[in-house]
A.B. asks: 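Sharing a structure below in structure tokens format, with a few things to ask.
Below, chains carry the letters A, B, ... as their sequence lines are ordered, and counting in each starts from 1. Just so it is clear, the model here is predicted, and its values are computed rather than measured.
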Amino acid sequence: MNGFRWRRETPLAGILLLLVVAVSIAQPRFLSPENLRSILLWLPLLVIVALGEMTVILTRGIDVSVGSMLGLSGMMTAMLLRDHPEIPVPVAALFAMAAGGGLGAINGGLVAGVGIPPIVATLATLGIYRGATFLVSGGKQVDDYQLPRALAGWSSDGPFGADIVPYVVWIALLAAVAMQRFLTDSRTGRDWYAIGGDPDGAADRGVAVRPRVFLAYVFSGVGSGLAGLLYASRFGTVNPASIGNGFELLVISATVIGGVSIFGGSGTVAGVLLGSLLLGTISVALAVLNIAETWQSAVYGAVLLAALLADDAMRRRLEREERG
Amino acid sequence: MSKPDGSVLLRTIGLSKAFGSVTVLENADVELRAGEIHAFLGENGAGKSTLAKLIGGIHRPTAGRIERDGRPVTIRNPREAASLGIGLIPQEPRTFPDLSAAENIFVGRLPMRGGRVDWKTLYGRAEELLRTLGVEIDPRRPARGLSVADRQMLELAGALSLDARILLLDETTASLTPGEVGRLGEILRRLRSEGKALVFIGHRMEEIFDLCDRATVLRDGRIVGERRVRETTPDELLRLMVGRAMGEAVTRKKVADGPPILEVVGWSQPPRFRDISFSIRKGEIVGLAGLVGAGRTEIACALFGLSRPTSGEVRIDGRPVEIRSPEDAMRHGMALVPEDRQRQGAFLPLSLRENVTLSSLPRLSGRGWLREDDARSRTTEWVRRLGVRCREIEQPLRQLSGGNQQKIVLAKWLETGPRILLLDEPTRGIDVNAKTEVHRWIAELADQGVATLLISSDLPEVLALSDRVLVLRAGRLVREFAAGEATPEAVIAAAGVTTEATVR
Amino acid sequence: MGERWRRASARYLPELTVTGLLAVALLLSGWREPRFWDAAYLFDRSTLHMETGLLTLTMTLVILAGQIDLSVTSILALVGALLATLHVRFGVPMTVLLPFGPIFGGLLGSVNGYLVARRGLPSLVVTLATMALFRGIAQILLGDRSVMMPPEMVGIERVTLPKSYLHAPLLLLIVATVAAYLLLHRTVFGRYVTVIGVNPEAARYSGVPVARTMIRLFVLSGAMAGLCSLLLLSRLGVARYDHARGWELDVITAVVLGGTSIFGGRGTIYGSIAAFLLIAIVQTGMGVAGVKAEIQVTAIGFLLLLAIFLAKVTERGR
Amino acid sequence: KPDEPTSTPGASVPSAGASPVATEAGKKIRVVYIPKNTGNPYFDGVVSGFEEAARELPIEFSTTAPAQPDPTGQISFIKDEIQRGANVLCITPNSPDALNSVLDDARAKGVKVLAVDADFEKNESHRDGAILPTDFDTLGANQIELIGSLMNYSGKFAILSATTDAPNQNHWIAGMKEALKDPKYAKMTLVGVVYGDDRDQKSVTEAEGLLTKHPDLRGILAPTSVGVAAAAKVVESRKVADRVVVTGLGTPNTMRRYLKDGIVPAVALWSPPDMGYIAAYAAVGLAKGELKAEEGVKFQAGKRGERAFGKNGVVIAGPPLVFRKDNVDEYRF
Ligand SMILES: Nc1ncnc2c1ncn2[C@@H]1O[C@H](COP(=O)(O)OP(=O)(O)OP(=O)(O)O)[C@@H](O)[C@H]1O
Ligand SMILES: Nc1ncnc2c1ncn2[C@@H]1O[C@H](COP(=O)(O)OP(=O)(O)OP(=O)(O)O)[C@@H](O)[C@H]1O
Ligand SMILES: [Mg+2]
Ligand SMILES: [Mg+2]
């Protein structure tokens, strides 16, 4: 169906390709399997949270509490695994998603139920969930040795011994595909676009706006929760101050660069993937090129800006050609 | 399918609505009958939309009740209204830009199969509905970029798809061209013959007498009379609406023969318009007729610096000028009353004062400081002159009825004291009385030397006011009529309407 | 209650709520913690909040216009880095450099303004990028070094009006608040900012110089950040690339708590400044009561919810 | 060669007998410790040392810190603690110079200021004394010797540090570079210094980048606990632990599994509790006016024995410990 939808992502894909080519010329090992693997490993956390964030932004909302939700549910899951090592990791993953979903439901309740503006509600829970992370953990971190080995395995081993693409990457990919289907083919997905386009109008036309908006926040929470577990898997140490701290900015960057409109109603999974991939590529490229540390932030900002401008220019050109 | 038997499908009893302490509808009793088109008439702000919204479940009454097929019902939201077979097409169409046209029609009720959207059925049904309405919109295209008229058609298609027994159309014809109004008329007649009860809200008497069987007249939130259309006259209805005698219809007498103020030469902006050349003299009113999508709005926007043509020239007072932005245009004394009030004209949360004075702030300020006393007195003046129905000038514009909002937008531009006035559907949604008033203003401004470009889908309006009529067809000027020559039939033929449907 | 009053109070509900909470916070802090009511301490501690307060004012305008400027704190750091570099490497006296604080800030802001207004890019993304870029340039300039300010420039927060605790930064904040109030509510520029926030398309159709206003807005925002940079340099006595990192969230919190709509079009300077004071008072109260940092963060979260909740409840009660 | 552990926290060294502090006017001395940020396990160790000493002395001890290690974030906590009546402020500064004026204020009000764990470098005049965990001037050399011994004194290695502006890190890295001039290390090449900002994601990405850039890398030296854990993680995930040595500074808790699994042969660290314990004794001495933070002044630090103020009023808490597979379980911090 949506030929026109894919158009939006073409420039971004082009920019990404350009970037990869440029970096590989400067550092041929950028394309080595190990390095591609490290890019892949960089992505799952971001992609999974960004997919949830996207659903919220689609409904004309925003969820700035994702980092804190990731932190709190990651911390709770890590503590659960520490205290009950017998629990299988997939069950812990379900627990993480449920915990995140619960936190998301609180956001959803505040926004869709009480009617608090999204930025205010999630700015508030950003602080509250972060504080709660300290409270439940007593300010103590969960260390690597306290977590089951299978958990770390998710980030280092792949299915059928193909360790080059670890499980976490497959999980993210699966989540993306499922979300793509959900957005294009489910009633809820279509309703999210409608709500973002015109919230009052959607209500008038019989869309159950409140339940749908509520669900978007739950999705965002579930994604953050799952990412909390993946964080524990990837980094081993779960520290109440640092887990997920400031992650929201990265997530919102990836989403918005991927073409999800902050005014709601428009955006695609492909865009979010590309946006995440762009950020991941820049970050990894900065590490493998010999760029002095003090220059990295500036280069990151400059590349981001250049990508934005190029994307904008290319999109305009495409639109012009489309018109005539 | 039920017979057009005249049985009462819906009855309101003592229906009232108040916003805060202001009662806008009081004690309304109406009966909607199967096989009847029922008109709600009244001046701007009389309460027509409010009554329709109460029935359609968008507002909830403060008092009174509604009976559907004789049984009392409460309608809490549009969904419940739909389940009672009630569909409402509101005055302002609701659009979801990133959804396809088909999805816009079926929003909230997408056909599903096995838990997934059934795209085939969706597009099939949408195509069919759009075909019945005779509009050419690709059901797969996103709704972004569709004109108000097209979006209105999507609303109508949506209501039709409901199979509602009761359909309420709130000023749906306001943004349609004559040809489309004719086609809509056909559809409504057919629906009537299928035994549906229809409510038609509109300000054009011709349409009422052409289409409707019964008319309920509202004034200041009360029902002041109900008539069978066959047994009444426009004059009687108008008297009921305004409660006094009507002013004379405006006719133009002076013929402008001054030098051209505005000249457009060889203007193109493919694919919207090509090779446009025309001029407007001082004190002249030039009408621009054409079908929806013919490119009239685009020409007005380009003149006002909102878009740039790819070739051609504009001259003002004989000198070529470069208009890059609305500010440039205003510097040359231009004003544009835009087509889409909600998106381009109105600042709904802001007060009437802030709306009316916005475009004249440079004049109503000193060294960048606002002069609010002047602003207040100017606003009060315009509210009085245009007969805006409001509580106070500090009220948010949102609280005004559609027509009164339009008057405020008009006032914003008249306040700038333009030399060249571009009017795009200036009287859309304005009631007869106020319309006469607006016409008088337009004529008077022309007499004072203002050059006016009048774009309107209200053909009688164009014909009554214009000194010359230009007809645009698919982006090209195809004919020019002098004041005397222009007849509705000729104009419509030139515009390219091929169906037999015409307006009277 | 008169009809007028009722309508005004309905309109300014967020502002009224914040004012009420402010009173409660003051009373509660003083009642729970006797060491709170100590003018010397209160005024001294208030010096820590002045930069956030000033940035809250301009951020209110930016958000009111439906935009956001996440880069202000990076501009603050970069301006400091620029001035320090000019001072240390090129020996330019600091007193000469003072006016360049706001000027450099304004120039950096104009980059945002250009990208948003002329290129039509969303300000959220633009300022996310310039946030990294500006901070990065500051890091290139200063690296890991701290650059000491000359002694005559240090300690503006210790300059007070005679026989009072009213220190210079606070005086500046008061003046800036009045100026921002007048700018927003009494000038053509302020009106333009508001209407752009309400409906940018209609603003363009109404002949409002949208692009120009927007650029000026970002320049103003940057210039304020430059001014704050001077304050911070003087207060801390050193320039560093990581100054004020993360403060943008505090600033936005204050603006939003004060009732400004993040979608633009609605908000007042009074609401923002009252919300800023509320947060500062609550933080001070908790600090002197020895409340842990993580609880403080949580408390501000609850405060946000409480404010909006109260506004909602009062609204429904009508 | 770095020493094997000489002291186990809370036990071995015989104490010269802690005399409980007699308090003036019945009021206990109030000591506040402000670490870089809350929730940091390293500082939890320091705090436990303070608490142990507080029970012995007894003094009124409390700790508070900003949620994030922001250079200026500690200022408000210092102001508030002065208002709350602290007698001694022990601070691990996030920035060596952003606190100068507030520290001056504190000392003007008679509050003693002790730097703990990291000094106010080049701004020593704004504090009374400093308690450093170990001799920073020799730590760099110790670390080089550690990684050298683990990679047979030959091959390429890189340093994964925290932030570019962390004074301790830079001090040590300078020491490392100096030590490398020793002919003993002639066959070792330092290929670069990268910075993980003490953030998980960035540290991992940098460690991955090192392995990509230098396929023949033999070692990663990370003198920071987040960095060393990240490097271990990466080496484990890429399955190159057999040829890439990871070592540096890390707490036993974060490194326990890597040590036991043989991913990391050894890491070093001093004892944070010892440092806190000694700081508490020094704080009390200063507050009561019994001690002056001047070179050569000695004092009895409870059970940990005698310590002395060195140059610049710095007290060294003790030598670094080295944790390996076989001794790591003796430590719980
Ligand atoms: N062929 C077309 N297909 C789809 N959309 C079109 C087509 N032609 C015009 N439009 C859209 O229809 C809208 C109306 O076009 P335009 O404003 O130029 O015509 P108009 O004659 O002013 O119509 P109106 O009567 O609505 O004012 C525009 O937004 C344009 O994008
Ligand atoms: N949300 C609201 N709050 C306050 N007053 C309102 C609100 N909505 C409508 N009104 C008032 O109710 C009255 C009736 O409005 P309504 O929209 O029903 O008028 P109408 O007859 O449809 O007029 P028009 O022909 O201009 O569309 C108007 O005076 C209007 O100002
Ligand atoms: Mg109406
Ligand atoms: Mg038009």
A.B. asks: Without hydrogens or angle criteria, can the side chains of T297(B) and D424(B) be said to hold a donor-acceptor pair below 3.5 Å?
C.D. replies: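 The answer is yes; a qualifying pair exists.
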A.B. asks: Any salt bridge between R353(B) and E392(B), counting N to O under 4.0 Å?
C.D. replies: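 Result for this pair is no, no salt bridge flagged.
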A.B. asks: Distance-only, no hydrogens or angles: does the D374(B) side chain make a donor-acceptor pair with backbone N or O of L364(B) under 3.5 Å?
C.D. replies: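 Side chain of D374(B) to backbone of L364(B), a donor-acceptor pair under 3.5 Å: no, none is there.
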A.B. asks: Under a 4.0 Å threshold between the charged nitrogen and the carboxylate oxygen, would E339(B) count as salt-bridged to R296(B)?
C.D. replies: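 No salt bridge links R296(B) with E339(B).
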A.B. asks: Examine whether an atom of Q342(B) lies under 4.5 Å from a heavy atom of chain C, and if so say whether it belongs to the side chain, the backbone or both; otherwise answer neither.
C.D. replies: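 Backbone of Q342(B) only, per the 4.5 Å heavy-atom cut-off to chain C.
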A.B. asks: Closer than 4.0 angstrom, basic N to acidic O: yes or no for E15(C) and R266(C)?
C.D. replies: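 Yes, E15(C) and R266(C) are salt-bridged.
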A.B. asks: So which part of R204(C) gets closer than 4.5 Å to some heavy atom of chain B, the side chain, the backbone, both or neither?
C.D. replies: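 Both parts, backbone and side chain.
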A.B. asks: Which one, R186(C), R212(C), H185(C), leads in non-hydrogen pairs under 4.5 Å with chain B?
C.D. replies: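 Option with the top pair count is R186(C).
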A.B. asks: Do N112(C) and T130(C) get their side chains close enough for a donor-acceptor pair, meaning under 3.5 Å?
C.D. replies: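 Yes - a donor-acceptor pair under 3.5 Å links their side chains.
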A.B. asks: Which region of R331(B), side chain (C-beta onward) or backbone (N, CA, C, O), has a non-hydrogen atom less than 4.5 Å from a non-hydrogen atom of chain C, or is it both or neither?
C.D. replies: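 Neither part.
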A.B. asks: Chain B heavy atoms under 4.5 Å from A211(C): which part of the residue, side chain, backbone, both or neither?
C.D. replies: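 Contact with chain B: none, neither part.
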A.B. asks: With a 4.5 Å cut-off on heavy-atom pairs, point out which of Y192(C), F189(C), Y205(C) contacts chain B the most.
C.D. replies: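 Sorted descending by pairs with chain B, the first entry is Y205(C).
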A.B. asks: Sort out for me which of L182(C), V198(C), T194(C) touches chain B most, counting heavy-atom pairs under 4.5 Å.
C.D. replies: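 Option with the top pair count is V198(C).
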A.B. asks: Heavy-atom distance under 4.5 Å to chain B: side chain of L183(C), backbone, both or neither?
C.D. replies: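 No part of it gets close to chain B.
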A.B. asks: Please state whether the side chain, the backbone, both or neither of L306(B) comes within less than 4.5 Å of a heavy atom of chain C.
C.D. replies: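 When you check distances to chain C, atoms from both the backbone and side chain of L306(B) fall under 4.5 Å.
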A.B. asks: Ignoring hydrogens and angles, tell me if any N or O in the side chain of S221(C) forms a donor-acceptor pair with the backbone of T58(C) under 3.5 Å.
C.D. replies: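 Between the backbone of T58(C) and the side chain of S221(C) there is no qualifying donor-acceptor contact (under 3.5 Å).
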A.B. asks: Between R341(B) and E425(B), is the closest basic N to carboxylate O distance under 4.0 Å?
C.D. replies: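 Looking at E425(B) and R341(B), the cut-off is not met.
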A.B. asks: Is the backbone of L76(C) close enough, under 3.5 Å, to the side chain of S229(C) for a donor and an acceptor to pair up by distance?
C.D. replies: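 Yes; judged by distance alone, with no hydrogens or angles, the pair exists.
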A.B. asks: So what's closer than 4.5 Å to chain C heavy atoms on A346(B): side chain, backbone, both or neither?
C.D. replies: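 For A346(B), the backbone is the part near chain C, not the side chain.
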A.B. asks: If you tally heavy-atom pairs under 4.5 Å against chain B, which of G190(C), G265(C), A203(C) wins?
C.D. replies: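 With the most close heavy-atom pairs to chain B, the winner is A203(C).
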A.B. asks: Relative to W382(B), does R385(B) satisfy both conditions: NZ or CZ under 6.0 angstrom from the six-membered ring centre, and within 45 degrees of the ring's axis?
C.D. replies: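 Positive - R385(B) is close enough to the ring of W382(B) and near enough to its axis.
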A.B. asks: Name the option with the most non-hydrogen atom pairs under 4.5 Å to chain C; the candidates are P338(B), P326(B), G368(B).
C.D. replies: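 Maximum pair count with chain C is reached by G368(B).
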A.B. asks: What part of F304(B) is in contact with chain C, defined as an atom under 4.5 angstrom from a non-hydrogen atom: side chain, backbone, both or neither?
C.D. replies: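 Just the side chain, heavy atoms under 4.5 Å.
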A.B. asks: Need one label for E354(B): side chain, backbone, both or neither, based on atoms under 4.5 Å from any heavy atom in chain C.
C.D. replies: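 Contact with chain C is through both the backbone and side chain of E354(B).
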A.B. asks: Can you tell me which portion of S360(B) sits under 4.5 Å from chain C's heavy atoms? Options are side chain, backbone, both or neither.
C.D. replies: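 Neither part.
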